[in-house]
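Every value quoted in this text rests on a predicted model; they were computed, and no experiment measured them.
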Amino acid sequence: MKAASVPSFCLLAGALLVCGCGSGSQSTPPPPPVITVSLSPQRAALVVNQTLTLAATTNDSAGVTWSAMSGSFSSKTSLSGASVTYTAPNSPGPYSVTATSVTDSAKTATMMVYITDLAGVTTYHNDLARDGVNSQEYALFPQTVTTSDFGKLFSCPTDGAVYTQPLWMPNLSINGASHNVVFVGTQHDSLFAFDADASPCQRLWTVSLIDTNHGATAGEAPVPSGPTGNLVGSGYGDITPEVGVTGTPVIDPTSGTLYVVSKSMNSAGTSFYQRLHAIDITTGKEKFGGPANIGPSITFPGTGDGGATVSFNPQQQNQRPGLALVNGVVYVAWSSHEDTYPYYGWVIGFNASNLSIASVLNITPNVLFGGIWMGGGAPSADSANHLYLITGNGTFDANSATPPNNDYGDSFLQITNGTTISSYFTPSDEANDALYDADFGSGGSAVVLNLNAGALQHLVIGGGKDGGLYLLNGDSMGGLDDSSNSKSRQTFNIGAGIFATGAFWNNSYFIAPAGGPLAEYSFDATTNLFNPTTPTSDSATVYGFPGATPSVSATGASNGIVWALENSSYCTPQSSGCGPAILHAYGAASLSTELWNSSLVASDAAGNAVKFTVPTIANGKVYVPTRGNNIGGAENSTSTPGEVDVYGLQPN
C-alpha cells in the first residue's frame with residue numbers, strides 16, 4: 001500500500017507566508033564537545049631544582065593553565081601538545097602538577113612529581129658506615145612497588161661484566177646539558193657514564209682505563225681468568241671470563257673525581273699492572289697526574305717473601321673490596337685470586353689530591369695469606385676517621401710477646417691513619433678458621449653507631465663463613481676472644497655463612513646469609529645490644545650462595561623498603577648455574593611481605609647474575625649490575641657481555 005503523503009502547510013504570520021512540511025522536522029546544532037585534558041607522563045622523579053618537559057593533550061582550543069603544589073613553569077599556559085618546562089622546587093617531597101582547561105576549570109589532569117635532595121651515591125653501600133641506606137627516597141614506597149606500577153624501564157649495555165656497585169650523581173653538566181648520571185666499571189677495564197633516567201639508555205661517555213690516555217702501554221688487555229686462558233688464580237674462574245675493574249670505585253663530589261683501580265697485562269701476558277685512576281666525572285679524563293702505578297716498588301717490612309721486606313704483586317693480588325675515601329685519603333685493599341699465593345692483605349692509602357702514597361699496611365707480612373675479601377664490601381669508617389675491615393685466612397700472632405707479632409689473620413681491625421692497628425678482635429677459633437678455610441673476613445663490616453661522647457662511641461658489626469655475627473666496641477675490640485665469647489659485646493649465630501655487608505635502618509639490621517633467608521634483627525638503642533638475637537622477621541625466599549647484601553630505601557624513618565639481589569646463578573664454573581639476577585623488594589616493617597620481584601613478569605627479567613653485586617637505589621630508580629647475556633664465555637662470544645638494568649615506577 002502506498003504510504004500516505006504528509007501534506008505541507010502554510011501559515012500566515014503577519015505579512016509573511018511561512019510554509020513547511022507536515023513532519024515538522026527541523027535541524028538542531030550539535031552539542032558542544034566534552035572537554036578533556038590528559039597528561040603524560042603521569043609520574044616522574046626529579047632532584048631538587050631539576051627541570052622536566054611537560055605537555056598536555058586537550059581538545060580545548062584555548063589550551064590549559066599549569067599549576068603545582070610547588071615549583072615553577074616556563075609558561076603558565078600552553079596549547080594542546082605544546083611543551084612547557086617545569087622546574088622542581090628546592091625542597092624534597094611528593095608534589096602534584098596540574099593542567100586545567102582554560103574554558104572549563106572543572107576539567108583537569110594531575111601527575112605526581114617526586115623530588116629528592118639526595119646528594120649522590122658516591123661509595124659502596126651508600127656511606128662510610130656502610131649501612132646501605134638511602135633515606136631521601138620520595139618516589140618508592142611500599143604502596144607503589146607493585147607489578148602494576150613498578151618494573152624494568154630500560155637497560156644500558158656495557159663491554160664486560162659489571163662487578164662494581166653503580167654510583168649515582170645528580171645534576172652534572174656534561175656536553176653542555178644537565179644529567180643525573182650513573183657510573184659503572186667493567187671487567188673489560190672500561191668506565192661508563194650513563195644518563196640515569198633517559199629511556200632508551202643514553203651513554204654520556206665511556207673510556208678504556210688501559211689505553212695510552214689513561215697511563216697504559218700500547219696493547220694492554222684485561223687479564224684472562226677461567227678454565228681457558230687463565231693467568232690468575234688456580235683455574236677455577238671465580239671471576240669469568242676476565243679481570244679488569246672489580247672493586248667498587250669511590251667519588252669525591254667536591255672535586256668531581258672518581259677513583260678506580262684497573263688491572264691489566266701486556267700483550268704477551270708476561271707483565272701485569274694495577275693502577276689507581278683519578279677520573280673527571282664529567283669527561284672521563286685523568287686528573288692529578290694520574291694514574292698511580294701500584295707495583296713491586298711498594299714494599300712493607302716482613303719475612304713472607306724470605307727477606308726483610310715483602311713486595312706488592314700486581315698479578316696475584318685481587319682488588320676485590322670497594323674503595324674508601326676517608327679524610328682526604330683513598331684507601332685500597334686487596335685479597336687473592338682463588339687463594340693462589342703469594343698474596344697478602346694489603347691496605348694502601350693514596351692522597352686524593354695528587355695520588356701520592358699516604359700509607360702502606362700489610363696485615364700478614366710474615367705469613368702470607370690474610371686477604372681482605374669482605375664479599376666485595378669496602379672498609380668502613382667512623383666519625384673519628386678510624387678505618388674498619390675484616391681479614392681472611394692467615395696466621396694470627398699479634399698476641400705473641402716476641403716478634404713476629406704483627407700478623408692479623410681472621411681478625412676484625414680498627415686502623416688509625418692507615419698505618420696503625422689501634423684495636424682488634426680475633427675469634428677464639430681463629431686457628432680452625434685458618435686451617436679449614438673458614439674465613440672470618442668473608443663478610444663486610446658496618447659501623448652501627450657513632451656517638452660523640454661517653455665510653456662507647458663506635459659500634460661495629462660483622463661476621464664470616466661460620467655464621468657468627470659479632471657486635472664490637474670499635475675503640476676497644478677485645479683482642480683474641482676466649483671460648484666463652486666474653487671479649488665481644490655480643491655474639492650470636494645466624495645459621496649460615498656470611499658473605500655480605502648488612503644494612504642498618506631504624507634500629508634494624510638486615511642481612512641474607514648464604515643458604516638462608518633475608519633476616520631482620522632488632523637493635524635496642526638503650527642497651528646498645530641486639531634483642532632478641534633471633535630474627536624478628538625473615539623472607540620466604542632462601543638466598544643461595546653467596547647470600548645477599550641488602551640495601552634500604554626510605555623517606556626518613558618511614559616508607560622503608562629492603563632491596564636484595566638473588567645472585568646464586570652467577571655463571572662462573574663454581575656457581576650453581578647461570579641465569580638472571582633477581583631483584584627483590586620487601587616491606588621493611590616485615591620481611592615476610594614481599595612487595596615485588598623481577599621474576600614475576602617476563603619483561604622485568606634482568607641480565608645474568610654476578611656474584612656479590614649490590615643494587616643502588618636513587619631518585620625513584622633501582623640500578624642492577626649484571627653480565628648481560630654472557631654465560632661465562634669470552635666477551636666476544638655474546639652480543640651483550642654486560643649491562644646495567646634500570647627499574648622504577650612506570651611513567652603511566
Taking the six-membered ring for Trp, are Tyr470 and Phe425 parallel (under 30°), tilted (30 to 60°) or perpendicular (over 60°)? tilted

Here the side chain to side chain donor-acceptor pair (under 3.5 Å) pairs for residues 360-384, sequence neighbours left out, are Thr303-Asn366, Asn366-Asn406, Asn366-Asp407, Ser380-Ser445, Asp382-His386, Asp382-Tyr388, Asp382-His458, Ser383-Asn450, Ser383-His458

Examine the side chains of His188 and Glu242 and answer whether a donor and an acceptor come within less than 3.5 Å of each other. yes

Phe499 and Phe612 aromatic ring geometry - parallel, tilted or perpendicular at 30°/60° bounds: parallel

Does Glu520 reach the main-chain N or O of Ser508 with its side chain, forming a donor-acceptor pair under 3.5 Å? no

Looking at Thr391 and Tyr408, would you say the former's side chain and the latter's main chain have a donor-acceptor pair under 3.5 Å? yes

Under 3.5 Å, is there a donor-acceptor pair linking the side chains of Asn266 and Thr270? yes

Distance alone, cut at 3.5 Å: any donor-acceptor contact between the side chains of Thr616 and Gln165? yes

Polar contact flag, side-chain donor to acceptor under 3.5 angstrom, Thr309-Thr299: no

Is the Tyr424-Phe396 ring centre distance short of 6.0 angstrom? yes

Main-chain N/O of Thr549 paired with Thr501 side-chain donor or acceptor, under 3.5 Å: no

What about the rings of Phe312 and Trp334, do their centers lie closer together than 6.0 Å? yes

Compute whether any side-chain donor of one residue and acceptor of the other, for Gln319 and Thr246, lie under 3.5 angstrom apart. no

Treating Thr283 as the side-chain partner and Lys285 as the backbone partner, does any N or O pair qualify as donor plus acceptor under 3.5 Å? yes

Please tell me whether Asp429 and Tyr436 have a donor and an acceptor in their side chains that are separated by less than 3.5 angstrom. no

So do Leu456 and Arg489 actually touch side chain to side chain, heavy atoms under 4.5 Å? yes

Side chains of Ser356 and Asn354: is there a donor and an acceptor less than 3.5 Å apart? yes

If we ignore hydrogens and angles and just use 3.5 Å, is the side chain of Glu220 paired with the main-chain N or O of Lys263 as donor and acceptor? no

Short N-O contact, Asp439 and Lys465, less than 4.0 angstrom: yes

Check: Asp437 main-chain N/O paired with Asp433 side-chain donor or acceptor under 3.5 Å: no

With Arg320 via salt bridge (Lys or Arg N to Asp or Glu O under 4.0 Å) - residues at least two apart: none

Is a donor from one side chain sitting under 3.5 angstrom from an acceptor on the other, for Ser255 and Thr257? yes

Centres of the Phe350 and Tyr331 rings: under 6.0 Å? no

So, does Asp131 use its side chain to make a donor-acceptor pair with the main chain of Gly502 at under 3.5 Å? no

Determine whether a donor-acceptor pair (N or O, by modelled atom type, separation under 3.5 Å) exists between the side chain of Thr340 and the backbone of His337. yes

For Thr613 and Tyr163, indicate whether the former's side chain and the latter's backbone hold a donor-acceptor pair under 3.5 Å. no

Is the backbone N or O of Ser400 less than 3.5 Å from a side-chain atom of Asp397, with the two atoms forming a donor-acceptor pair by type? no

Can you tell me if Phe300 has over 12 outside heavy atoms packed within less than 6.0 Å of its CZ? yes

Test side chain to side chain contact (heavy atoms under 4.5 Å, CB included) applied to Tyr341 - qualifying residues, sequence neighbours left out: Tyr343, Leu368, Phe369

Please say which of Val245, Leu209, Leu323 ends up in a side-chain contact (heavy atoms from CB on, under 4.5 Å) with Val261. Leu323

Would you indicate whether the side-chain heavy atoms of Thr164 and Pro249 approach each other to under 4.5 Å? yes

Before we go on, tell me: are the rings of Tyr521 and Phe492 under 6.0 Å apart, centre to centre? yes

